[in-house]
Amino acid sequence: MNYWLIKSEPDAFSIDDMEKARTEPWDGIRNYQARNFMRDGMQIGDRVLFYHSNTKPPGVVGIVEVASKAYPDHTAWDENSKYYDPKSPEESPRWLMVDFSFIEKFDAIIPLDTLKKEEQLEGMLTLRKGNRLSITPVEKAHFEYIDQMRAK
DNA sequence: GCCAACGTTGGC
DNA sequence: GCCAACGTTGGC
């Protein structure tokens with residue numbers, strides 16, 4: 001089992017939207033590193049921290065899980081989609097997506113600045129300055145530490 | 001709204 | 001293959 005963190009702007013798709021949807025196809029990822037994580041690292045059942053970005057405050061708001069293997073992101077070949085990419089035709093898809101399923105919403109957000117203060121989370125990719133990846137792997141110990149922070 | 005960080009593109 | 005220009009992300 002692997003652990004991950006995914007970012008979402010709550011204005012676009014929040015943890016509440018995730019709870020309503022139950023399962024959501026995570027389309028629109030247009031970054032090679034993120035794609036490779038989905039393709040090479042993600043397995044069904046992996047646990048995923050759900051993070052709200054570009055909001056006040058940013059932070060971890062819940063947990064979802066990987067609900068499918070990586071499969072072609074069909075929005076890339078839809079001319080009317082904002083994710084349309086002519087370099088990713090149906091015959092040779094460049095972009096992939098997975099489905100995520102809702103697991104739980106935290107009672108309260110764990111803000112980014114709180115996470116940054118935790119020594120046990122030192123080195124966590126998401127906390128590094130300038131990190132813009134929308135999907136990052138998370139160490140098991142870090143995942144479990146954040147999971148228990150919420151209980152406080 | 002600003003701007004640092006970073007990825008991508010394209011000219012050479 | 002280098003690197004400047006440009007676009008995007010995302011914290012502040």
Side-chain angles (χ1 to χ4, degrees), chain A residues 2-21 24-42 46-66 70-100 102-139 141-150 152:
Chain A
N2 292 316
Y3 299 88
W4 310 92
L5 179 145
I6 57 172
K7 293 181 191 170
S8 188
E9 300 192 15
D11 288 346
F13 196 83
S14 70
I15 188 71
D16 292 320
D17 296 324
M18 188 73 224
E19 181 168 16
K20 273 181 228 147
E24 180 73 9
W26 212 248
D27 57 25
I29 301 292
R30 296 291 179 269
N31 172 283
Y32 289 103
Q33 260 185 287
R35 179 205 64 186
N36 294 347
F37 288 139
M38 292 192 285
R39 186 188 61 196
D40 306 328
M42 281 193 183
D46 282 358
R47 295 281 152 149
V48 183
L49 298 169
F50 197 96
Y51 178 93
H52 280 174
S53 66
N54 241 311
T55 188
K56 235 172 78 179
V60 176
V61 291
I63 294 175
V64 299
E65 73 174 352
V66 177
Y71 59 100
D73 183 343
H74 54 80
T75 62
W77 58 68
D78 173 4
E79 278 184 57
N80 297 315
S81 169
K82 63 174 170 174
Y83 300 125
Y84 175 62
D85 182 355
K87 292 177 199 157
S88 182
E90 202 163 345
E91 315 83 73
S92 57
R94 172 181 297 191
W95 303 117
L96 304 173
M97 61 184 179
V98 298
D99 296 345
F100 291 118
F102 177 81
I103 297 286
E104 87 182 285
K105 178 188 170 181
F106 293 169
D107 291 336
I109 187 171
I110 306 177
L112 177 61
D113 61 355
T114 302
L115 297 172
K116 280 181 174 168
K117 285 178 196 151
E118 297 291 333
E119 268 178 43
Q120 287 86 343
L121 298 177
E122 221 177 286
M124 192 174 155
L125 278 175
T126 320
L127 305 184
R128 284 192 202 160
K129 193 180 173 187
N131 173 58
R132 303 184 311 155
L133 262 183
S134 57
I135 297 178
T136 47
V138 174
E139 289 172 33
H142 289 166
F143 184 96
E144 287 172 351
Y145 189 78
I146 291 171
D147 193 30
Q148 63 81 28
M149 281 175 78
R150 153 196 66 124
K152 286 177 190 167

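Only a predicted model underlies this, so the values are computations on that prediction, with no experimental measurement involved. Every chain is numbered from 1 and lettered A, B, ... according to where its sequence line falls, protein lines coming before strand lines. Hydrogens, waters and symmetry mates play no part in the numbers below; they use all other heavy atoms, side chains included.
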TODO: Could you encode protein contacts along nucleotides 6-11 of chain B as a string, one character per nucleotide from 5' to 3', using B for base contact, S for sugar-phosphate-only contact and - for no contact, with a heavy-atom cut-off of under 4.0 Å?
DONE: BSSS--
- [ ] Could you tell me how the ring of A:Tyr3 sits relative to the ring of A:Phe143: parallel (under 30°), tilted (30 to 60°) or perpendicular (over 60°)?
- [x] tilted
Task: Residue from A:Asp46, A:Leu125, A:Asn2 passing side-chain contact (heavy atoms from CB on, under 4.5 Å) with A:Pro137 - done: A:Leu125
- [ ] Could you give me the CA-CA distance, side-chain angles and deciding distance for A:Ser14 and A:Asp17, then say whether side chain to side chain donor-acceptor pair (under 3.5 Å) is met?
- [x] CA-CA 5 Å; A:Ser14 70; A:Asp17 296 324; 3.3 Å; yes
Sequence neighbours excluded and cut-off under 3.5 Å, please list the side-chain donor-acceptor pairs for residues 89-98 of chain A, or say none.
from: A:Arg94; atom 1: NH1; to: A:Tyr32; atom 2: OH; distance (Å): 2.9
from: A:Trp95; atom 1: NE1; to: A:Asp85; atom 2: OD2; distance (Å): 2.8

- [ ] Figure out the CG/C1' separation between A:Asn54 and B:dC2, and round it to whole Å.
- [x] 13 Å
Task: Any donor-acceptor N/O pair, A:Asp73 side chain to A:Asp27 backbone, under 3.5 Å - done: no
